[in-house]
Amino acid sequence: MLQLHNTLTNSKVPFTPIEPGKIRLYVCGMTVYDYCHIGHARVMVSFDVITRYLRHAGYEVEYVRNITDVDDKIIKRAAENGEACDQLTERFIAAMHEDERALNVLKPDQEPRATAHMEAIVDMVQTLIDKGFAYAASNGDVYYRVDKFATYGQLTNRKLEGMRAGARVDVNDVKENPFDFVLWKAAKAGEVSWASPWGDGRPGWHIECSAMTKCCLGNHFDIHGGGPDLPFPHHENEIAQSEAANGETFVNYWLHAGAVRVNKEKMSKSLGNFFTIREVLAKYPAEIVRYLLTASHYRSQIDYAEGALVEAQSALDRLYTAMDQLTLVADVSLAGPHLERFNAAMDDDFNTREAIAVLFDMAREVNRLKRDADAGAAKLASQMRGLGNILGLLEMDPQTYLKGQAGEGDLSDAAIDALVAQRNEAKTNRDFALSDQIRDQLKDAGVVLEDSKEGARWKRES
RNA sequence: GGCCGAAUGGCAGAGUGGCCAUGCACCGGAUUGCAAAUCCGUUUACCGCGGUUCGACUCCGCGUUCGGCCUCCA
């Protein structure tokens, strides 16, 4: 029985799909004006794991993640660069796709772009005006009338009266209520714009998602996800827009990922502790980053620090070492007590940490079987890999993983093999002084040796 | 100020009303020419104060501390 934490009720609840066996899932994607950072990576990986697991559990999942490709920041950045908006966004969309592939994040089934849904957006704004939930202001903007939507604040348990006191919103005299938010922004001279009944302009951020969810998934769908900073106001506003315009329940379950901090501080550009995915991937193999993000529960806050990556690497090394030197079979049945534990963990609001603990228990068992030269080792290791694959992990060949990539200035595989051969000869001659000298030399070069009956193996340590 | 979440062993991080989390690190043993890897074993814990209970880290209340959101933000 799948249970998940619903932000709407702020509790863990049993999951029931609208249509048996099918799940329609929408996740708020990126605004593409810069490279994705480690916080984006968390959302990508979290919902990738969730989607993979739901499919493993037998659901047919329609996964939609949008791209916001028109927005103030994009316009500003493009102007600074002296390039066209679409040129800028194409560049960063391509970069985002590269980052995703590196992190082994599967492509969403649909990746709608705001600029490709202008008609739907304008239609929805018009509907909201027609129904009295929106109004065109004197400056050409169109605003949502929050006072008209009785349950505004339901997702984050806020009341408009309570918020007025410490409001940090712009005082803007064209709005009826300071919390009214913009649906359509009148264009300033020279900005990209689209024609509308209220004049040339562009959509507000919130309406894009309401329009795209409607296009891709319909008025009412199962799960809506996003990052930790989206419940208010973004998702609150989506609910207000979609339910007012469509006249029916918008979403059954709201899932939100936890925040990523950096060295115990909030990640922000002003603190200069902002890490892009590509910066991290330049220093660490992508699977280690994915492991780090998967080894914590998706809702928990995590701290990104160098030490955490080093530890993630040690942990992942252990799993790959267990699989090493075995002939793994691809089509092994996963059925058994480990799968049951794994599924039970994942059914409990996607408890990946507990699921990974199952993998480590399997690794210990595999190592025992290997020690006893038991033929069951390969089968169990294959099952372990199969479970890891459900999380998008353990997809590499163990030797390829352990040997790693030669970085700049590192010894090549061939050079290492030559030294290892030289050492083997020294060992055979019981020339341990030379043998140890070569081993030390390799260690200094970041290569660790492991002797075994079958000969010496090596791996790179970053 | 409002809403929400968290406080677990050296670190990271799950979980449960009474019994092993798991990983990293540490210590002892096995194995090894010595290592590495691996196995076996030991040690270290549940923020404070009340309450419920035969029994609470686990439930309830209060307090303290920390964090997220309340403005664009994953």
Taking only Lys NZ, Arg NE, NH1 and NH2, and the carboxylate oxygens of Asp or Glu, determine whether [X] and [Y] approach each other closer than 4.0 Å.
X      : Y      : answer
A/R457 : A/E450 : yes
A/E395 : A/R52  : yes
A/D72  : A/K185 : yes
A/K427 : A/D451 : yes
A/R202 : A/D71  : no
A/R368 : A/D374 : no
A/K443 : A/D440 : no

Between [N] and [M], how far apart are the two [atom1] atoms, rounded to whole Å?
N     : M     : atom1 : answer
B/C46 : B/A37 : C1'   : 33 Å
B/C19 : B/A56 : P     : 11 Å
B/U32 : B/C26 : P     : 23 Å
B/U22 : B/G41 : P     : 11 Å
B/A74 : B/A12 : P     : 27 Å

Polar-atom pairs under 3.5 Å, protein N or O versus N or O of nucleotides 27-30 of chain B: list them with distances, or write none.
none

Look at the rings of [X] and [Y] and say which category their plane angle falls in: under 30° parallel, 30 to 60° tilted, over 60° perpendicular.
X      : Y      : answer
A/Y320 : A/Y401 : parallel
A/F360 : A/Y291 : perpendicular
A/H256 : A/W254 : parallel
A/Y144 : A/F181 : parallel

At under 4.0 Å between heavy atoms, what does [X] touch on the DNA or RNA strands: base, sugar-phosphate, or nothing?
X      : value
A/D71  : nothing
A/M96  : nothing
A/V260 : base
A/A315 : sugar-phosphate
A/K370 : nothing
A/S452 : nothing
A/K264 : sugar-phosphate
A/G258 : base

Open item on the list: With side-chain hydrogen bond (donor to acceptor under 3.5 Å, both in side chains) as the test, pick out the partner of A/D348 among A/H297, A/Q3, A/K12.
Closed with: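 Option passing the side-chain hydrogen bond (donor to acceptor under 3.5 Å, both in side chains) with A/D348: A/K12.
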
Task: Out of B/A74, B/G15, B/G13, whichever nucleotide has its closest atom nearest the side chain of A/M30 - done: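 Of the candidates, B/A74 comes closest.
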
Task: Nearest-neighbour nucleotide for the A/H206 side chain, B/G67, B/C72, B/G15 considered - done: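 When the side chain of A/H206 is considered, B/C72 is the closest of B/G67, B/C72, B/G15.
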
- [ ] Kindly determine whether A/Q110 and A/E62 satisfy side-chain hydrogen bond (donor to acceptor under 3.5 Å, both in side chains), including the steps that lead there.
- [x] CA-CA 8 Å; A/Q110 297 185 61; A/E62 180 72 10; 2.8 Å; yes

TODO: Find the distance between NZ (A/K459) and CD1 (A/I416) and round it off to the nearest 0.5 Å.
DONE: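 Rounded to the nearest 0.5 Å, the NZ-CD1 separation comes out at 13.5 Å.
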
TODO: Looking only at non-hydrogen atoms, find the nearest pair between A/L434 and A/A426 and report the distance.
DONE: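 In this case the closest contact between A/L434 and A/A426 is CD2-CB, 3.8 Å.
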
TODO: Mark up nucleotides 17-22 of chain B, 5' to 3', with B wherever a protein heavy atom is under 4.0 angstrom from a base atom, S wherever such an atom reaches only the sugar-phosphate, and - elsewhere.
DONE: ----BB

Task: Letter per nucleotide, 5' to 3', of nucleotides 3-8 of chain B [B base touched, S only sugar-phosphate touched, - untouched; heavy atoms, 4.0 Å] - done: SSS---

Has the side chain of [X] got a donor or acceptor atom sitting under 3.5 Å from an opposite partner on the base of [N]?
X      : N     : result
A/E311 : B/G23 : yes
A/D303 : B/C11 : no
A/R42  : B/A74 : no

Are the side chain of [X] and the backbone of [Y] linked by a donor-acceptor contact shorter than 3.5 Å?
X      : Y      : value
A/T276 : A/E279 : yes
A/R278 : A/E98  : no
A/S300 : A/S296 : no

Open item on the list: I want to confirm an ordering. Mapping A/E265 and A/I302 to their closest nucleotides on RNA chain B, which one lands closer to the 5' end?
Closed with: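 Result of the comparison: A/I302.
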
Open item on the list: Closest-nucleotide mapping onto RNA chain B: is A/E450 or A/N351 further toward the 5' terminus? I mean the 5' end.
Closed with: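 It is A/N351, whose closest nucleotide lies nearer the 5' terminus.
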
Task: Positions of residues 226-239 of chain A (non-hydrogen atom under 4.0 Å from RNA chain B), listed by number - done: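 Those residues whose heavy atoms fall under 4.0 Å from RNA chain B, taken from residues 226-239 of chain A in numerical order, are A/G226, A/G227, A/P228, A/D229, A/L230, A/F232, A/P233.
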
Roughly, in whole Å, what's the span from [atom1] in [X] to [atom2] in [N]?
X      : N     : atom1 : atom2 : result
A/Y152 : B/G2  : OH    : C1'   : 15 Å
A/R261 : B/C69 : CZ    : C1'   : 14 Å
A/R371 : B/U32 : CZ    : P     : 14 Å
A/I288 : B/G23 : CD1   : P     : 18 Å
A/Y33  : B/A74 : OH    : C1'   : 11 Å
A/D349 : B/A14 : CG    : C1'   : 13 Å
A/K459 : B/A37 : NZ    : C1'   : 7 Å
A/Y304 : B/G67 : OH    : C1'   : 21 Å

Open item on the list: Please evaluate residues A/Y284 and A/E306 with respect to the criterion side-chain hydrogen bond (donor to acceptor under 3.5 Å, both in side chains), reporting the C-alpha separation (whole Å), side-chain torsions for both, the decisive distance (0.1 Å), and the verdict.
Closed with: CA-CA 10 Å; A/Y284 288 88; A/E306 196 86 10; 3.0 Å; yes

- [ ] Start with the C-alpha gap between A/F15 and A/Y253, add the side-chain angles, then the distance that decides, and say whether ring pair (Phe, Tyr, Trp, His ring centres under 6.0 Å) holds.
- [x] CA-CA 8 Å; A/F15 174 77; A/Y253 303 90; 4.9 Å; yes

Protein-nucleotides 58-60 of chain B N/O pairs under 3.5 Å:
none

Open item on the list: Quick one, A/T294 with A/T352, criterion side-chain hydrogen bond (donor to acceptor under 3.5 Å, both in side chains). Give me CA distance, side-chain angles, the key distance, then yes/no.
Closed with: CA-CA 6 Å; A/T294 308; A/T352 47; over 6 Å; no

TODO: Let me have RNA chain B in dot-bracket notation, would you? Count Watson-Crick plus G-U wobble pairs, both distances under 3.5 Å, and use [ ] for pairs crossing earlier ones and | for inter-strand partners.
DONE: (((((((..(((.....[...)))..((((.......)))).....(((((..]....))))))))))))....

TODO: Please determine if A/R158 forms a cation-pi arrangement with A/F232, meaning its NZ or CZ atom is less than 6.0 Å from the six-membered ring centre and no more than 45° off the ring axis.
DONE: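 Yes, A/R158 sits over the ring of A/F232.
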
Open item on the list: Is there a side-chain contact between A/N367 and the phosphate of B/A37, meaning an N or O under 4.0 Å from OP1 or OP2?
Closed with: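 The answer is no; no side-chain N or O of A/N367 sits under 4.0 Å from OP1 or OP2.
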
